[in-house]
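One structure, as structure tokens, below. Some questions next.
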Amino acid sequence: MKQLMTGNEAVARGAYEAGLTFASAYPGTPSTEILENMVKYKDDLYCEWAPNEKVAIEAAIGASIAGARSMAAMKHVGVNVAADPLFTFAYTGVTGGFVLVSADDPGMHSSQNEQDNRNYATAARLLMLEPSNSQEAKDFMKLGLELSERFDTPVLLRMTTRVCHSKSLVELNDREEKEIVKYKKNIAKFVATPANGKVMRKNLIDRIKNMEAYSNTCEINKVEYNDTKVGVISSGVAYQYAREVFGDNTSYLKLGMTFPMPMDKIKEFASKVDKLYVVEEMDPYIENHLRMAGIDCIGKEIIPEMDELNTDIVRKAVFGTDAETIKSDMEAVVRPPSLCAGCPHRGFFYTLSKKKNVMITGDIGCYTLGSAPPLSAIDTCICMGGSISAGHGASKVFEREGIDTKVVSVIGDSTFFHTGINSLMDVVYNKGCNVSVILDNRITGMTGHQENPGTGFTLMGEEAAEVNIELLCQAIGMKKENIYVVNPLNLKETSDALDEALEKDEATVIIAKWPCILKKFTDQDKKDFDLSPKKCEIDQDKCTKCKLCMKTGCPAIQFGESIKIDAASCTGCGVCMQVCPFDAIKEV
Amino acid sequence: MSQVKNILLVGVGGQGTILASKILSEGLIESGYDVKMSEIHGMSQRGGNVSTQIRFGEKVYSPIVGKGEADIIVAFEKMEALRWVEYLKDGGKMVINDFEIPSVPILMGAVEYPKGILEELASKVDISVFEAGKIAEKVGNSKTMNIVLLGALIKAMKIEGIDWEAVIRKNVKKGFEDINIKAFRMGSEQV
């Protein structure tokens, strides 16, 4: 029987069925569940969390060169981190089949930008497949590994949030074991020196011709002729929207392989229809290929270039009609995301928000929510690992110009391991003086609790060596007396450490260590931290309704005729208790 | 049935629309429908609005429900009913759990939880309102709130020929089958 699966589950299933044996990834929405589902098949394959996307792809490249089918998975911005090895891997080609899954996020549901990673396929010359539902996600994963071996190329499997997270029916097959290719040293193929590189470059161009021939004949670039007055070219989930909006009386060219583009097939299709639409999410990727070939079409002049598409948007763009809806004059209040009740970041950000003359450079993780009111304690957020290095640059400028502003850089444990370590080396090496704060909540939080090099466990659930952040900082040259380890839920301790660090003219690190309140605590967590269940309560006789406790932004504290703490959501972290000047909050 | 039917389950992160939608989609698949399901939520782990969208019919393309398309909306929380009403089809039905979860701006005292939501919705669309949590408590386990709402939804869907109780038995925790069936029946009496 067919099973209802998300695209991410289906990709993992496809990899399993295709006899893949090595997978690596760094978690990032909407790609995270691919590797989480891979663990189901751990008897037959190996999978791991890498500290960052570049490492993930390099490990998978190594596995491919060693002869195994391999893959790496990441979110769209992760491919930026992994781009360096990716571009040269396109030159060398593979031994075992290799697929890179890029999960793009049109609409920026959980991302800092909405770049269209189809552009990587053209830039790096990667064979690209674009599934539009879960069945295709599974099939294209398998096909990708096959094509990777057939054309000696890395394959980009380009997913989007809706394909990753929507469930649709998938037919399951058995795993076919794939014998690994016996390793043979091949310097000319795998050592990308300039001399070898020139040969590789030429091979790459020849390879594209072969891939294009395949693209023109393959079944996944599928033509469906109905009435030919109107024709639609589309790919990915945009095809599903277009198919529904244009209906059965329109002709379609659905592209499953979008690099190299099947230009012959496209020309033929375009010549047979009177009016041609290109419906695609984000960039005019398909459209540009058509225009370069002199094919006229209607595309981004009506279909929005940003945000996620849906049937409403496509219908409105093409037919100019709005959906008929029931309107209400009343408006629902927004539900903006906030740090959870009991989140250890709250104590830290509350304390930091009270410090004057500081610029706070932030990073990517739950703690980015420290930028939301009432805390508003983050000034910048650019990319993974960027807080410490951006803070270093800013603080150098302030110092040089004699500006009385100190810089505090905040980063999570997983993000510190991702690329923050390099940044901290920059600070120490170049005599920077920003305060680097590592918010160590003992897990990768935002993406839903994945293990990392600091948690003591691997993706496959085995015990592992743990990075000692304090010693690591010392090893890269940070003075021992400039490293502070604090409990971020203890406001005085945190405030004192911040004051001391801000006073110093050299690099300092504060490690704010407390586990994420939502994580499954390990035995070690229970030993290291007091995690016994507690609740806080407001003594209404003492409460003056000064609302200072509400400045912590805790969602368990509710304002009404009186201020109350919701017992169901309170975890007794005690931050509000320390903030209250009237001693009106007690632990119960 | 060639027409695609659209169901929306809307609520707040942590309310657990997942089990209800899993049971619903399993029943539909067993009866041979093409089914697509999407869960849409923002980036926060808790407290944000969440929707589970189920589309079924002979052949389903888009995995998400468009505005004005939902045949039935089940709102696990009152303000979410208001937020999603523009997705309801003309003549569609809303099943509303009479339950409030204030969001951060309301908790902060910046705005009030909107008053008169039920009256407003009743004046515009066909609604059934009940306190699913209280019914679940009456059944004997407050965690069966999902199943109470599922019962109401399936009754409102008017689909014949699916043995829902068998699907429920298969999907709920062992030892809790009977109480969930009871919750399911109580829920279906609310519509």
Toward chain B, the part of Val334(A) with a non-hydrogen atom under 4.5 Å: both
Most contacts with chain B, counted as non-hydrogen pairs under 4.5 angstrom, among Lys564(A), Met550(A), Met330(A):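 Top option by heavy-atom pairs under 4.5 Å: Met330(A).
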Heavy-atom pair count under 4.5 Å with chain B, highest-scoring of Pro373(A), Ser132(A), Ser168(A): Ser168(A)
Glu244(A)/Arg55(B) salt bridge by N-O under 4.0 Å criterion: yes
Within 6.0 angstrom of Lys545(A) NZ, more than 12 heavy atoms from elsewhere: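 For Lys545(A), atom NZ is crowded (more than 12 foreign heavy atoms under 6.0 Å).
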Options Gly553(A), Ala323(A), Ser166(A), ranked by heavy-atom pairs under 4.5 Å with chain B, top entry: Ser166(A)
Closest-packed option against chain B by number of heavy-atom pairs under 4.5 Å, given Val333(A), Thr325(A), Leu339(A): Val333(A)
Minimal non-hydrogen separation, Tyr33(B) against Leu169(A), with atom names: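 Between these two residues, the closest heavy atoms are O-CD1, 3.9 Å.
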Structural part of Ile326(A) lying under 4.5 Å from a heavy atom of chain B: both
Value rounded to 0.5 Å, distance of CD1 in Ile40(B) from CZ in Arg162(A):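 The distance works out to 4.0 Å.
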Close side-chain approach of Ile29(B) and Lys2(A), heavy atoms under 4.5 Å: no
Residue Gln558(A) versus chain B: region with a heavy atom under 4.5 Å: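 It is both, since atoms from each part get that close.
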Interatomic distance, Ser25(B) atom OG to Lys167(A) atom NZ [nearest 0.5 angstrom]: 6.5 Å
Ser328(A) versus chain B, the contacting section by heavy-atom distance below 4.5 Å: both
Chain B contact via Val237(A) - which portion, at a heavy-atom distance below 4.5 Å: side chain
Heavy-atom contact with chain B under 4.5 Å, split by part of Gln3(A): neither
Positions in residues 98-126 of chain B that reach chain A, provided some heavy atom is under 4.5 Å away: Ile101(B), Pro102(B), Ser103(B), Val104(B), Pro105(B), Ile106(B), Leu107(B), Met108(B), Gly109(B), Val111(B), Glu112(B), Pro114(B), Lys115(B), Gly116(B), Ile117(B), Glu120(B), Lys124(B), Val125(B)
Residue part contacting chain A, namely of Lys89(B), when any heavy atom lies under 4.5 Å: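 Contact with chain A is through the backbone of Lys89(B) alone.
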Euclidean distance, Asn133(A) CG relative to Ser62(B) OG, rounded to 0.5 Å: 12.0 Å
Straight-line distance of Lys36(B) NZ to Ser134(A) OG, nearest 0.5 Å: 8.0 Å
Reported CD-to-CD distance for the pair Glu324(A) and Glu86(B), which is rounded to 0.5 angstrom: 13.5 Å
Part of residues 65-84 of chain B lying next to chain A, heavy-atom separation under 4.5 Å: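 Expected list: Gly66(B), Lys67(B), Gly68(B), Glu69(B), Glu77(B), Met79(B), Glu80(B), Leu82(B), Arg83(B).
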NZ/Lys138(B): more than 12 non-hydrogen atoms of other groups inside 6.0 Å: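 For Lys138(B), atom NZ is not crowded (no more than 12 foreign heavy atoms under 6.0 Å).
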Pairwise side-chain contact, Ile64(B) with Tyr241(A), heavy-atom cut-off 4.5 Å (strictly under):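 They are in side-chain contact.
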